[in-house]
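Worksheet: one structure, shown below.
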Amino acid sequence: MSARDRLIVGLDVPTIAEAEKVVRTLGSTALFYKIGYQLVFAGGLEFARDLAKDGKKVFLDMKLLDIDNTVAKGVENIVKMGMSMLTLHAYPKAMAAAVAAAKGSDLCLLGVTVLTSMDAKDVIDAGYEYDPHTLVLRRAEQARIAGMGGVVCSAEEAKAVRKIVGHDMAIVTPGIRPAGAELGDQKRVMTPADALKAGSSHLVVARPIVKADDPLAAAKAILAEMDGALQA
């Protein structure tokens, strides 16, 4: 895969109009877009369908978690939308239900391990007995066993996760920040080049692109850094 195939631009903006502006601005430079809660609740599902029809790849970041039947029925309809990737929380029963529902489709199911905004204290406060690294690895193994297409984890865990999931599963990494960029609410971050070297297959970059004074220049700079890492 080229850098362009691996860069997922996060459309973390409040309105469809702003999302459309980002897509127009980036043009053919960006192939892959992430749509999450903020945009979904502003009409983002129809926008996601439109992007897919226009030949773009769409990563629908819904982080599904519910009873088996509800997860399965949701996944069945998302398959019909033409999405490329879908997230759900990496709970074994939910993953198994989703894998069965997506069987035979091109939808890549991703198990969310531990959010990159969470550190050790946050994980403990949430009631888990594991530190973030251990919890990520445990969930990565469960995702592999369930037959998932990949996992979502921070680049800090990507190298260890790659050893668990092998070379066929995707490792999608949010919390990517070019050198000098503000961290925002992210706590476990890495630069694009370092994340690829660590084993990530896809990088999600939102604010450093969509909030940049020149989003196109920002995207091109990130792609250039990624190309350099891939060719090293």
Side-chain angles (χ1 to χ4, degrees), residues 5-16 18-20 22-23 26 30-52 56-66 70-71 74-91 94-95 97-99 101-102 105-118 136 139-140 143 146 148-155 157-158 161 169-177 184-189 192 195 200-211 219 222:
D5 295 309
R6 297 171 182 267
L7 176 63
I8 303 174
V9 178
L11 292 174
D12 296 343
V13 293
T15 67
I16 299 301
E18 290 180 65
E20 290 173 336
V22 171
V23 174
L26 297 183
L31 172 66
F32 219 143
Y33 289 96
K34 177 184 79 77
I35 294 179
Y37 289 154
Q38 183 180 25
L39 200 59
V40 161
F41 297 129
L45 292 180
E46 287 302 319
F47 182 62
R49 288 188 179 92
D50 292 340
L51 283 178
K56 300 294 186 181
K57 293 183 178 181
V58 180
F59 167 18
L60 197 59
D61 189 18
M62 295 304 297
K63 300 183 179 70
L64 300 181
L65 181 60
D66 212 308
T70 299
V71 169
V75 170
E76 287 173 4
N77 277 340
I78 290 169
V79 165
K80 297 174 185 176
M81 292 173 62
M83 302 293 96
S84 295
M85 287 181 167
L86 169 70
T87 53
L88 56 148
H89 282 289
Y91 285 63
M95 291 190 292
V99 168
S105 76
D106 294 327
L107 179 63
C108 179
L109 296 170
L110 302 170
V112 177
T113 56
V114 177
L115 301 178
T116 52
S117 62
M118 298 179 72
V136 167
R139 287 181 166 171
M148 296 283 282
V151 298
V152 179
C153 68
S154 85
E157 291 99 25
V161 167
M169 288 177 65
I171 296 180
V172 179
T173 300
I176 298 298
R177 293 290 185 270
D185 57 0
Q186 301 288 359
K187 295 179 179 178
R188 294 168 15 254
V189 302
S200 299
S201 62
H202 297 76
L203 309 183
V204 180
V205 185
R207 279 167 283 188
I209 293 177
V210 300
K211 299 298 183 182
I222 290 170

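Summarising the geometry, atom CE belonging to Met62 is positioned 8.0 Å from atom OG1 belonging to Thr87; distances are rounded to the nearest 0.5 Å. Residue Leu107 holds its CG atom at 10.5 Å from CE of Met81, rounded to the nearest 0.5 Å. Between the CD atom in Gln38 and the OG1 atom in Thr15 there is a gap of 9.0 Å [rounded to 0.5 Å]. One distance of note links CG of Leu109 with CE of Met169; it measures 10.0 Å at 0.5 Å rounding. The structure places CD1 of Ile78 at 9.0 Å from CE of Met83, a figure rounded to the nearest 0.5 Å. Put simply, CD1 on Ile209 and CG on Leu26 are 6.5 Å apart, with the number rounded to the nearest 0.5 Å.
In this structure, Asp61 and Ile35 have side chains that are not in contact, with every pair of non-hydrogen atoms separated by 4.5 Å or more. Two residues are said to be in side-chain contact when any heavy atoms from C-beta on lie closer than 4.5 Å; Lys34 and Val9 fail this criterion. At a threshold of 4.5 Å between non-hydrogen side-chain atoms, the residues Val40 and Leu60 count as touching. With a 4.5 Å cut-off on side-chain heavy atoms, Val152 and Thr113 do not count as touching. Contact check for Met85 versus Ile8: side-chain heavy atoms found under the 4.5 Å cut-off. Side-chain contact between Phe32 and Asp5 is absent, with no heavy atoms from C-beta onward closer than 4.5 Å. In this structure the side chain of Phe59 never reaches within 4.5 angstrom of the side chain of Leu11, judged on heavy atoms. Side-chain contact check for Val161 versus Val151: some heavy-atom pair is nearer than 4.5 Å.
The minimum heavy-atom distance between Gly150 and Cys108, with the atom names listed, is N-SG, 4.4 Å. Heavy-atom minimum distance, Ala98 versus Leu88: CB-CD1, 3.9 Å. Annotation for Cys153 and Pro174: closest pair O-CD, 3.5 Å, computed over non-hydrogen atoms. Across every non-hydrogen atom of Pro14 and Ala42, the tightest pair is O-CB, 3.5 Å.
Taking the charged nitrogens against the carboxylate oxygens, Asp50 and Lys56 have no contact shorter than 4.0 Å, which rules out a salt bridge.
Checked options Val58, Val79, Leu64; the residue passing with Leu86 is Leu64 (criterion: side-chain contact (heavy atoms from CB on, under 4.5 Å)).
Side chain of Thr173 to main chain of Ser154: no donor-acceptor pair is present (N/O by atom type, distance under 3.5 Å, no hydrogens or angles). No donor-acceptor pair under 3.5 Å is formed between the side chain of Tyr91 and the backbone N or O of Leu65. For Arg6 (side chain) and Ser201 (main-chain N/O), a donor-acceptor pair under 3.5 Å exists by modelled atom type. A distance-only check finds no donor-acceptor pair linking the side chain of Ser200 to the backbone of Leu203 [under 3.5 Å].
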Apply side-chain contact (heavy atoms from CB on, under 4.5 Å) to residues Val99 and Val75 and explain how you reach the verdict. CA-CA 9 Å; Val99 168; Val75 170; over 6 Å; no
For side-chain contact (heavy atoms from CB on, under 4.5 Å), just list the numbers for Val210 and Glu18, CA-CA rounded to whole Å, side-chain angles, deciding distance to a tenth of an Å, and then say yes or no. CA-CA 9 Å; Val210 300; Glu18 290 180 65; over 6 Å; no
Test side-chain contact (heavy atoms from CB on, under 4.5 Å) applied to Val204 and Ile176, step by step: CA-CA 7 Å; Val204 180; Ile176 298 298; 5.9 Å; no
Just do the side-chain contact (heavy atoms from CB on, under 4.5 Å) check on Arg207 and Asp12 with the steps written out, would you? CA-CA 7 Å; Arg207 279 167 283 188; Asp12 296 343; 5.6 Å; no
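In the displayed structure, Asp106 atom CG is contacted under 6.0 Å by at most 12 heavy atoms of other residues, nucleotides or ligands.
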